[in-house]
Structures are given as structure tokens and as C-alpha cells.
Amino acid sequence: MGYTREDIVRIVREEEIEFIRMQFTDIFGQLKNVAITASQIEKAVNNQVMFDGSSIEGFTRIHESDQYLYPDLDTFAVFPWRPAQGKVARMICQVHDTDGSPFVGDPRWVLRRTLQRAEAMGFDVFNIGPELEFFLFETDDQGRPTTHTRDRAGYFDLGPLDHGESTRREICMNLERIGFEIEASHHECAMGQHEIDFKYVDALNGADKIMTFKLAVKTLAQKNGLHATFMPKPIYGVAGSGMHLNMSLYKDGKNAFFDPDGEHQLSAAALSFVAGLLEHARALTALTNPLVNSYKRLGAGYEAPRYLSWSASNRSTLIRIPTVQFQSPRVELRSPDPACNPYLAIAACLAAGLDGIARGLTPPPQVQGDVYAMDAAARAARNIASLPVDLKEALEELERDPLLLEVLGDHIAPRYLAGKRKEWEEYRTRVSSWELEKYLITY
């Protein structure tokens, strides 16, 4: 929107905004904030708000803890779901060290740095269009989340107005008040599962919007007595929640993926971008699918991808090229889930695609037919590999991928790997309810 410092100070005073949340994201995708009162707004817009970075997992050590929050003024917004009295606004911030330099452990800086790499290659815009799915569950008498829902709807269903449908509508209306352009919202195939799609935007804005989207969904669900979760696979035997990521590069204001004479109207750059994604897909998964639970969605059916393949329309492939409209093709990566850190995941996808372009990679032949229906021999004959089967394997792939390690940087990469390996070890040694049901009586 193009706010100036003076604009924000004036709006805070004129609209009697009482609190401003200075938001940022840690390396594992958790939204953090330092809340200030309106009296501190001038300090905030002049990059003078300090916080203790040693308290944030993956940031700094205790003896180098002081860090500053530099707000992106264009992200200033008043939360419409807060009451008129005691208004709350937010600004999304970038973390800086005390010498004024960007903090290398800030995921938002990782994405900005990767976008600079794209600009150096002549690409002035990288657009993304995410499709986020989530579940709305009931809470118990103590307000704790359950996995129960009274919703009995299915894919695209209408029906008597239930709690889920009214909450989804309320989410859309509130998001539009803070600058989202909602393109579609609908019930997904599982009971209690929903999807809301917003219009594609530039990558940095898009990553910011993903974080805002998740906050809005969870806040409004809680307001209505529901629990919203972006956990990839909360229920066995039904569809999991994904975050399909549509991507396109622009050069000199034109879609660089478009070639009217190319197959499916795709340019050489588009094909090389696809090839780069496939080249790094196994390592990418550690970032696009960051939880132990993520791998219970992948390959479990319900159109969740498992195999490294691409096609112009086939929904069983990892990468799909949707029908080209208005000379604007896009590449859809179908594996990411909404638990990912969007800054790191989008940066890694962009870097992988750019690597394909820089090296002039060519993707393998398109896969026709249902990849899931093929047996192992048929996939082997087509050289179709698989995504990692679990988080442990994905982390091993990431550790072997120099490009993605470089994207993360020397600060984030080891901390991310260590944190996720700790998560895996905790999962590996925990006794699950399945084990108790299976073995406790029998043995």
C-alpha cells in the first residue's frame, strides 16, 4: 500500500489503536511478536524496537542476544477481528543485528536473499499462489481441541449452514479487509476440512500472507468455539491437508514461462524450472514437509503426491502444469503442506528452479496415466523415483544438497537439521497408541 512512517504514526493516533504487534517468524515457522503500545509507535517505525534473540529457538546465543525489529511498513494492518475498543495493528518485521545488518538467521531474509539471486538472473518478479487446506474441529468442555466434527459435508458440498461453513465465510470476509483477494473457498473432501485460495502475489508478500492467513484462521476458529489445525494428517483414513504451491517467474513484465510455440505453451525456462524442482525434490521435502506427521499424508492416497514426476494435467504427479490462461502458465508443486515455514520453503523452491534454468536442465518425459496405479517395475522402467518416506530420510537428503544448504545459510542449516533430528528422535522413541492397541493385550 506504500505507507510512510508518518502515515503509520498518524493512523495509529487517529484510529486510537492501542497495541501494535511487531511480528516475525522463527526458523521452524512459528509466528512470534513483540507487542508495543501506541506510545512507542515512533520508535517502532524508526527501527528502534529491541528484543532478546536468545529466547527464540534457532536465533542467537545468550551472549549475543540483542536484536532489532525493522518493520516492513507496507505490511501495516489493523486486525479486523479485534474489537473496536482497544484496536490492535501489526507490522511484519525483519530481524537485524545491532550493527544494522540483516540477521542471517531470519527466514524472511533468506527469501529476500534468494529473490535477489533471481533478479541477478534477470527475473524481476517471482509470483506464488498457495492453496491452503485446514481442518476445523470441535473443542471439549475444557476448551481443548479434539478431532471431532459434526460436519458431514464432502468435496464442494453445500448444506445446512454449519459451524464450519459460517466460520470459513467469516475468515474470508476478515482477510479481505486486510488486503487479501480471496479467489475461492470451499469444503474439501474430508469431513471438517476446508480450503481457501487467495490470488497470486509476489513471493515475499505471499509468504507474509501465508503467516497472516494461518493466524486469522486459528484466531477466528477459536472465537467461534472451534480449533483450526494445519497439521498435515490429523486423522487416519481420510485426506490430509496440503498447500499446493503455484509458481511463475516474470522478466521485463512478461511471464517467462510462456512460449506460444512451446509444448503446452511452455518456454525453455519453464521446463528447466520444472527440471530443477525435480532435481532437488527429495531434499526440498525436508523444508516443504517439515513434520514427522507430514509423511503420513504423502503417498497415502487422496491425490497426495509421492513420486518424482510431472505432467500438464495429471493430478497424480508431483508437479502439474495447470491449463494455461491469458498467456500466464504456472508450475504447481503439489507436495508442500501448510505446516512449512513459507519463507524457507518458497526460497528453496525458487533456488531449485533457478538452478535448473542456470544449468539448462531438461525434465524427463511427462507421465501419462495414474502414477499410483503403476507397480514398482513400471515406475522403475520410467526412472520415476520416490519422495522420502519419512522425516529422517528427508533430512539426510537435505544434508547432501549443497544448493539448499547454501540457501539456508551457515546459521540456519545446522540449527534446522538439529532441531528436526531432535523431533525425529522424540517420535522414534515414543510409545504410540497404535502400539498399545496392537501389543498390550496380545503380548
Spacing of F180 atom CZ and D197 atom CG [to the nearest 0.5 Å]: 12.0 Å

Any donor-acceptor N/O pair, N46 side chain to E42 backbone, under 3.5 Å: yes

Beyond-backbone contact of L278 with P364, side-chain heavy atoms, under 4.5 angstrom: yes

Exceeds 12 heavy-atom contacts within 6.0 angstrom, atom CE of M121: yes

Residue pair V389 / Y295, side-chain heavy-atom distance below 4.5 Å: no

Donor-acceptor under 3.5 Å (N341 side chain, I27 main chain): yes

Non-hydrogen side-chain atoms of L387 and S335 separated by less than 4.5 Å: yes

Stepwise side-chain contact (heavy atoms from CB on, under 4.5 Å) check, I92 with R108: CA-CA 10 Å; I92 296 174; R108 201 170 189 264; 3.7 Å; yes

V217 vs L132, side-chain contact (heavy atoms from CB on, under 4.5 Å): CA-CA, chis, key distance, verdict: CA-CA 11 Å; V217 169; L132 285 92; over 6 Å; no

Salt-bridge contact K392-E396 (side-chain N to carboxylate O under 4.0 Å): yes

Over 12 foreign heavy atoms within 6.0 Å of CD, Q222: no

Cationic N near anionic O, under 4.0 Å, K87 to E15: yes

Any side-chain heavy-atom pair of R297 and N289 under 4.5 Å: yes

For E14, all residues meeting salt bridge (Lys or Arg N to Asp or Glu O under 4.0 Å), sequence neighbours excluded: R10

Side-chain donor or acceptor of N127 paired with backbone N/O of Y200 under 3.5 Å: no

Show every donor-acceptor pair shorter than 3.5 Å between a side-chain atom in residues 401-408 and any protein atom, with sequence neighbours excluded, or say none if there are none.
residue: D401; atom: OD1; partner: H280; partner atom: ND1; Å: 3.3
residue: D401; atom: OD1; partner: L403; partner atom: N; Å: 3.2
residue: D401; atom: OD1; partner: L404; partner atom: N; Å: 3.1
residue: D401; atom: OD2; partner: H280; partner atom: ND1; Å: 2.7
residue: E406; atom: OE2; partner: R117; partner atom: NH2; Å: 3.3

Minimum side-chain heavy-atom gap Y70-C93 below 4.5 Å: no

Minimal non-hydrogen separation, D97 against P102, with atom names: OD2-O, 4.1 Å

Pair N33-M22, side-chain contact (heavy atoms from CB on, under 4.5 Å): steps then yes or no: CA-CA 5 Å; N33 87 113; M22 308 284 283; 5.8 Å; no

Over 12 foreign heavy atoms within 6.0 Å of CG, D370: yes

Straight-line distance of H96 NE2 to N47 CG, nearest 0.5 Å: 7.0 Å

Ring pair (Phe, Tyr, Trp, His ring centres under 6.0 Å) partners for F76, two or more places apart: Y3

Sequence-distant partners of D202, salt bridge (Lys or Arg N to Asp or Glu O under 4.0 Å), two or more places apart: none

Ring centre gap for Y416 and F28 strictly below 6.0 Å: yes

Side-chain donor-acceptor contact under 3.5 Å, D208 with T75: no

Side-chain donor/acceptor of D26 to backbone N/O of K32, under 3.5 Å: no

N224 and E170: CA distance, side-chain angles, deciding distance, side chain to side chain donor-acceptor pair (under 3.5 Å) verdict: CA-CA 10 Å; N224 292 336; E170 188 176 352; 3.0 Å; yes

Under 3.5 Å: donor-acceptor pair, side chain of D74, backbone of G2: yes

Flag side-chain contact, heavy atom, 4.5 Å: V238 against M191: no

Residue pairs involving residues 351-362 (criterion salt bridge (charged side-chain N to carboxylate O under 4.0 Å, His left out); sequence neighbours excluded): E279-R359, D355-R359

Any side-chain heavy-atom pair of L271 and T362 under 4.5 Å: no

Minimum heavy-atom distance V110-A347, with the two atoms named: CG1-CB, 4.0 Å

Spatial distance of atom CG (L69) from atom CZ (F103) [nearest 0.5 Å]: 11.5 Å

Min side-chain heavy-atom separation S311-R320 under 4.5 Å: no

Going by atom type alone, with no hydrogens or angles, which donor-acceptor pairs under 3.5 Å involve a side-chain atom of residues 242-250 and a protein atom two or more places apart or on another chain?
residue: H244; atom: ND1; partner: E332; partner atom: OE2; Å: 3.3
residue: N246; atom: OD1; partner: R330; partner atom: NE; Å: 3.0
residue: N246; atom: ND2; partner: G129; partner atom: O; Å: 3.0
residue: N246; atom: ND2; partner: E131; partner atom: OE2; Å: 2.9

Straight-line distance of E183 CD to I196 CD1, nearest 0.5 Å: 13.0 Å

Residue pairs involving residues 113-135 (criterion ring-ring contact (aromatic ring centres under 6.0 Å, His included); sequence neighbours excluded): F134-H194, F134-F230, F135-F137

Set of residues satisfying side chain to side chain contact (heavy atoms under 4.5 Å, CB included) with respect to M211, sequence neighbours excluded: T25, L31, K214, P342, Y343

Test item: S272 side-chain N/O and L361 main-chain N/O as donor-acceptor pair under 3.5 Å: yes

Nearest-0.5 Å distance, CH2 of residue W310 to OG1 of residue T317: 9.5 Å

Flag if over 12 foreign heavy atoms under 6.0 Å of CD, E16: no

Closest non-hydrogen atom pair, I346 against I210: CD1-CD1, 4.3 Å

Non-neighbouring partners of R5 that pass salt bridge (Lys or Arg N to Asp or Glu O under 4.0 Å), sequence neighbours left out: none

Any donor-acceptor N or O pair under 3.5 Å, side chains D337, S294: yes

Closest contact, heavy atoms only, P290 versus L391: O-CD1, 3.7 Å

Backbone N/O of A256 and side chain of S267: donor-acceptor pair under 3.5 Å: yes

Contacts of T37 that satisfy side chain to side chain contact (heavy atoms under 4.5 Å, CB included) - sequence neighbours left out: F19, S39, Q40

Side-chain donor-acceptor contact under 3.5 Å, R382 with S309: no

Derivation of the side-chain contact (heavy atoms from CB on, under 4.5 Å) call for L318 and L333: CA-CA 6 Å; L318 175 67; L333 182 65; 3.9 Å; yes

Donor-acceptor pair, side chain of R90 and main chain of Q23, under 3.5 angstrom: no

Pairs where residues 245-267 contributes a residue and the test salt bridge (charged side-chain N to carboxylate O under 4.0 Å, His left out) is met, not counting sequence neighbours: none

Residue list, salt bridge (Lys or Arg N to Asp or Glu O under 4.0 Å) with E399, at least two apart or on another chain: R421

